[in-house]
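Step one of this worksheet: look at the structure below.
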Amino acid sequence: MTRTWTVIGVKDVSLSFKWYQALLGGPETAPAHDYWGQIFDSDGTVLLCLHQWGSHDHPSLMSPGKGQAGNGLLLFFRVDDFDPALQRAHAPVPKLDEEPHLNPNTETPEFSLRDPDGYCVTISALSAP
């Protein structure tokens, strides 16, 4: 089995870590370091990695000033608890980028919002209603 780790650059790992845990309904834990944290699924699968801008010499994670956060990137999560996820999403943001609607390609409901660093996050139901 091969797995990918999606890593995004963030200003504040702790803040982003709490934001994603709350959105995805994960248990409250702390990131491993002030510069690095991983969001896990209940089975231990890595869902997302958060890396503080400029903490190491990774060329694409040196500075948020070298591009717009999220340009060309969509963090697309399939969840098995869509309605509770929608309720959780309303807590940290005043307005969604896209209100819940049916995606004609996946034939499942989805909505989109921005994370604290401006990345576009789409939450999609794992299966059709």
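Closest non-hydrogen pair, V79 versus A85, comes out as CG2-CB, 4.3 Å. Taking every heavy atom of both residues into account, V13 and G37 meet most closely at CG1-N, 3.8 Å. Shortest non-hydrogen contact noted between S124 and T108 is OG-OG1, 3.0 Å. Contact record, T29 with F17: O-CE2, 3.2 Å, taken as the closest heavy-atom pair. A89 and F111 make their closest contact through CB-CE1, 3.5 Å (heavy atoms, listed as atom of the first residue, atom of the second, distance). Shown here for P100 and F82, the closest heavy-atom pair between the two residues is CB-CZ, 4.5 Å.
At a threshold of 4.5 Å between non-hydrogen side-chain atoms, the residues V10 and L15 do not count as touching. Between L47 and F40 there is no side-chain heavy-atom pair separated by less than 4.5 Å. With a 4.5 Å cut-off on side-chain heavy atoms, L50 and P31 do not count as touching.
Under the 30°/60° scheme for interplanar angles, the aromatic rings of W5 and W36 are found to be tilted.
A side-chain donor-acceptor contact under 3.5 Å links D117 to the backbone of K11. Between the side chain of R114 and the main chain of Y119, no donor-acceptor pair closer than 3.5 Å is present. Judged purely by atom type and a 3.5 angstrom limit, D41 has no side-chain atom pairing as donor or acceptor with the backbone of G44. Within the 3.5 Å criterion, the main-chain N or O of C49 finds no donor-acceptor partner in the side chain of Q38.
Remark: D115 CG to W19 CH2 distance equals 5.0 Å, nearest 0.5 Å. Distance CG/L23 to CD1/I123: 4.5 Å, rounded to 0.5 Å. The line from CD of E110 to CG of L102 is 8.5 Å long, rounded to the nearest 0.5 Å. The OG1 atom of T122 lies 9.0 Å from the CG atom of N103; values are rounded to the nearest 0.5 Å. With rounding to the nearest 0.5 angstrom, the OG atom of S14 is 11.0 Å from the CD atom of Q52. One distance of note links CZ of F76 with OG1 of T106; it measures 5.5 Å at 0.5 Å rounding.
For F77, the ring-ring contact (aromatic ring centres under 6.0 Å, His included) test picks out no residue, with sequence neighbours left out.
Hydrophobic cluster membership differs between L126 and I39, with clusters built from Ile, Leu, Val, Met, Phe, Trp and Tyr side chains linked at under 4.5 angstrom.
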